[in-house]
Amino acid sequence: QGCGGRGGAGGADAKQDAQAEDYVYTRTMSEERLKLRTFVRSIWMSGFIYSVIIFNTIVIAADDVYSERTQNSWVQSISIASDWVILVIFTIEMLLKIIGLGA
């Protein structure tokens, strides 16, 4: 037997079940919300957010290393500015996902 005790192609059955559940959930959504849902679930959105997370990690690490050595350095200025930009990006991401995927 395959996954879930259904025998045969358990993966295909699970995929069909997920598609059926997705259809039931999305059938009353507007066209715009469906497009937004597709966008927030896309590989491009995930890749962009992962890139921002990596950038944020690098900035935090650089700021931590340089903050002890010099105050008001260019690294600290970039860190402060990027913190605000990243905050806005993550806030927009959160709002798009709440609207597109449902709250």
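Note that the structure is a prediction, hence the values are computed from the model and not measured. Basis for what follows: all heavy atoms, side chains included, without hydrogens, waters or symmetry-related copies. Numbers for residues simply follow the sequence, beginning at 1.
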Single-linkage hydrophobic cluster W84~F90, side-chain heavy atoms < 4.5 angstrom
no

Do W44 and Y50 share a hydrophobic cluster (ILVMFWY, side-chain heavy atoms under 4.5 Å, transitive)?
no

Taking every heavy atom of L87 against every heavy atom of T91, the minimum-distance pair comes out as O-OG1, 2.7 Å

Is the shortest heavy-atom distance from the side chain of K97 to the side chain of E93 under 4.5 Å?
yes

Please report the closest heavy-atom contact between S79 and V59, naming both atoms and the distance.
CA-CG1, 3.7 Å

Membership question, hydrophobic clusters at under 4.5 Å side-chain separation (ILVMFWY): are I78 and I80 in the same one?
no

Rounded to the nearest 0.5 angstrom, the CG-CD1 distance for L36 and I98 is 11.5 Å

Take a 6.0 Å sphere around CD1 of I43 and say whether it holds more than 12 heavy atoms from other residues, nucleotides or ligands.
no

What are the two closest heavy atoms between L101 and R33, and how far apart are they?
C-NH2, 4.1 Å

Exactly one of I60, I53, I58, I54 clears side-chain contact (heavy atoms from CB on, under 4.5 Å) with N56, and that residue is I60

Are V52 and F55 packed together at the side-chain level, in the sense that at least one heavy-atom pair is separated by less than 4.5 angstrom?
no

Can you tell me how far CE of M45 sits from OG1 of T38, rounded to the nearest 0.5 angstrom?
12.5 Å

Show me the pairs that pass salt bridge (charged side-chain N to carboxylate O under 4.0 Å, His left out) and involve residues 46-58, at least two apart or across chains.
none

